[in-house]
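The structure appears right after this line, and notes come after that.
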Amino acid sequence: MPAVLGVSAHYHDAAAALVIDGKLVAAQQEERLSRVKNDPSLPMNAIEACLTLGEIRSTDLDRVVFYENPYRKLERVMVSALRGFPRGTAFFRRALRSQLGDKLWVLDDLAAHLGVPRKRMHFVDHHESHAASALFCAPFGDVPHSSIAALTVDGVGEEETTAIWRLEDGRPRRLASIAYPHSLGLFYAAVTAYCGFRVNEGEFKVMGLAAFGEPRYRDAFDHFLQVEGGAFTLDRAAFADHLDGARAFGRPFVEALGEPRTPAQKWNYRGQRIQGEDARFADVARSAQDALEDALLTLAEHARALTGATHLVLAGGVALNSCANARLLREGPFERVFVQPAAGDAGGALGAALLGAQDEGDALALGEPFCADLGVPIRPATAAAIADALGLRTTAVVDPNETLAARIAGGDVIALARGRCEFGPRALGHRSLLARADDEALRDRINARIKKREPFRPFAPAMLESTAPALLRDAPNDMTPYMTTVCRVRDRSPLQGTTHVDGTARAQTVQSGPLAPLLRCMESHGLHSVLNTSLNGPGEPLAATEADAIDVLIRHKPDGLLIDDLLIERPNR
């Protein structure tokens with residue numbers, strides 16, 4: 001019964017994943033346990049959680065697999081730094097310290113921490129990890145492997161930024177690739193920094209902002225990002241300032257688009273419109289989003305030509321752009337499209353574990369629907385003890401789903417924590433804040449008072465899969481169970497609080513899991529969907545444990561927290 005641990009670390013969003021006897025039994029992001037957003041450190045908390053969930057000790061591990069080759073990455077970073085010399089002197093020093101420190105000796109560090117012989121430590125290529133995480137987890141059990149192509153797109157791995165894959169003899173085989181510095185991830189990161197958001201956190205904000213703009217700067221972006229013949233290149237001067245470590249764009253950006261936005265400045269947003277100088281940044285975001293989508297469509301067409309496949313899977317951080325994914329499905333050459341829900345670097349740990357299991361001789365069960373509830377569980381008894389110690393009011397409810405439905409229908413915002421926490425950036429009902437999906441005022445209250453985030457950012461509606469065709473034009477599909485795409489809304493009225501300004505919603509369709517019985521109860525209240533957003537506050541990771549969920553209740557003040565059949569409320573309610 002081989003046990004294989006996959007690990008990602010030392011860039012952002014570190015994670016661990018555990019495969020036992022060919023079956024994925026646990027996957028956990030480090031940030032959820034350390035409470036450090038996008039924590040890049042060696043994920044010892046996540047590793048310990050996975051071992052506990054798998055009921056094994058570290059010494060039982062047959063193989064530990066790191067999600068990228070640290071030696072190839074060192075070579076690429078050093079060459080890039082030297083090419084920028086002398087302007088990139090400060091970058092070179094930082095890179096040298098970073099790569100010759102923990103990053104280069106990560107396998108030795110893991111062996112020492114786990115008490116596992118060094119010979120059991122292995123690595124795979126970064127983009128191969130991404131490809132495996134998507135190909136091995138795609139819900140395409142009804143088609144032959146030759147009908148599935150994979151597209152991996154991110155900032156940069158060892159050297160590659162983009163690759164096209166297919167399965168051959170059960171293993172991902174690279175058919176084409178694009179190397180650094182030409183990167184769609186770095187392209188979008190530059191736009192993120194230019195709009196005043198944090199790179200590796202604010203890309204979702206740029207995507208939401210784009211819906212408010214017009215593509216007035218498309219000519220500039222067509223110069224910055226040139227797409228031709230199934231590939232793309234970046235204007236290196238426009239992205240040169242990544243060497244100074246402070247921002248990801250160069251002087252040509254400013255000359256073409258104007259001065260960048262000041263971070264943390266309040267947005268000029270009124271009546272669902274972005275006004276004044278901020279409208280320029282909405283236009284920049286829209287122009288960049290359109291350019292990104294066109295590039296991805298070209299890559300998808302190239303993947304189809306190379307493979308002849310009818311189904312596409314995606315992974316890598318760029319694959320979390322739900323608007324682009326919707327357009328790939330709608331206009332691209334593939335019949336079905338699936339995005340691995342933890343598509344970023346956290347998912348690299350998953351792919352590494354699956355590749356390691358294959359190397360141990362495990363036969364992986366391919367084609368089954370991916371279950372994202374892979375992390376640590378929530379325990380009502382522990383939650384009750386914490387709540388009692390803090391003087392919170394607790395009530396054991398007889399019918400928790402009906403109680404929750406009634407409270408939501410009455411206009412309350414209720415936190416829900418059930419079962420094991422989700423793997424990936426989306427709350428899918430295991431660690432969620434829930435409210436009516438048809439109330440714009442409630443949406444604005446959640447944005448301003450609970451989530452404390454930019455007022456233009458939309459929320460997602462969750463609905464039963466059977467209900468989706470009546471509410472949405474292009475759902476359900478293979479991405480809607482995981483909120484990795486957007487759908488066009490048929491009628492805004494039942495989804496008023498979750499419909500974005502462009503008439504779309506990043507919908508979640510539900511067949512089973514913690515939201516299914518709730519949604520059935522809500523239908524008796526005349527509601528066919530629920531607003532679903534992540535259980536966390538601004539700048540915080542999604543809640544994982546009982547203490548995390550109660551912390552959100554106390555500090556960010558939703559109207560209650562339901563953990564299984566235990567309702568917890570603040571005493572001043």
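Tested against Val337 for a side-chain contact (heavy atoms from CB on, under 4.5 Å), the candidates Leu314, Thr485, Val313 yield a single pass: Leu314.
Shortest non-hydrogen contact noted between Ala300 and Leu151 is N-CD2, 4.4 Å. Looking at every heavy atom in both residues, Pro43 comes nearest to Ala15 through CG-O, 3.5 Å.
Annotation for Arg273: atom CZ does not count as buried by contact number, only 12 or fewer foreign heavy atoms lying within 6.0 Å. By the neighbour-count criterion of 12 heavy atoms within 6.0 Å, atom CZ of Arg280 is densely surrounded, having more than that number from other residues, nucleotides or ligands. Annotation: Arg449, atom CZ; neighbour count of heavy atoms from other residues, nucleotides and ligands within 6.0 Å does not exceed 12.
Residues Arg286 and Asp290 are paired through a salt bridge, judged by an N-O separation under 4.0 Å between the basic side chain and the carboxylate. Looking at Glu201 and Lys37, no side-chain N of the basic residue comes within less than 4.0 Å of a carboxylate O on the acidic one, giving no salt bridge.
With no hydrogens or angles considered, no side-chain donor-acceptor pair links His528 and Thr467 at under 3.5 Å. Side-chain N/O atoms of Ser183 and Thr161 include no donor and acceptor closer than 3.5 Å. A donor atom on one side chain and an acceptor atom on the other are found under 3.5 Å apart for Lys451 and Ser534. A donor-acceptor pair shorter than 3.5 Å cannot be found between the side chains of His556 and Asn536. In this structure, a donor-acceptor pair under 3.5 Å is absent between the side chains of Ser322 and Asn325. Side-chain contact, Glu158 with Tyr180: no donor N or O sits under 3.5 Å from an acceptor N or O. With 3.5 Å as the limit, one finds a donor-acceptor pair spanning the side chains of Asn532 and Ser432. A donor atom on one side chain and an acceptor atom on the other are found under 3.5 Å apart for Tyr67 and Asp345. Checked by atom type, the side-chain pair Asn321/Gln289 shows a donor-acceptor distance below 3.5 Å. A side-chain donor-acceptor contact under 3.5 Å links Asp13 and Gln29.
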**Request:** Might you work through the side-chain contact (heavy atoms from CB on, under 4.5 Å) test for Thr484 and Gln340, ending with a clear yes or no?
**Result:** CA-CA 8 Å; Thr484 53; Gln340 203 281 102; over 6 Å; no
**Message:** Could you go through Glu277 and Asn268, starting from their C-alpha distance and side-chain angles, then the distance that decides it, and tell me whether this counts as side-chain contact (heavy atoms from CB on, under 4.5 Å)?
**Reply:** CA-CA 8 Å; Glu277 176 67 4; Asn268 188 348; over 6 Å; no
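Taking the six-membered ring wherever Trp is involved, the centroid distance between the rings of Phe187 and Phe221 falls below 6.0 Å. Taking the ring centroids of Phe66 and His126, they lie at or beyond the 6.0 Å cut-off.
Seen from the ring of Phe459, Arg453 counts as a face-on cation partner, given the 6.0 Å and 45° thresholds.
Residues Phe224 and Phe253 meet the side-chain proximity criterion, which asks for heavy atoms closer than 4.5 Å. Looking only at side-chain heavy atoms (C-beta outward), Leu416 and Leu515 come within less than 4.5 Å of each other.
Ring pair Phe456/Phe212 is perpendicular by interplanar angle, where above 60° counts as perpendicular and below 30° as parallel.
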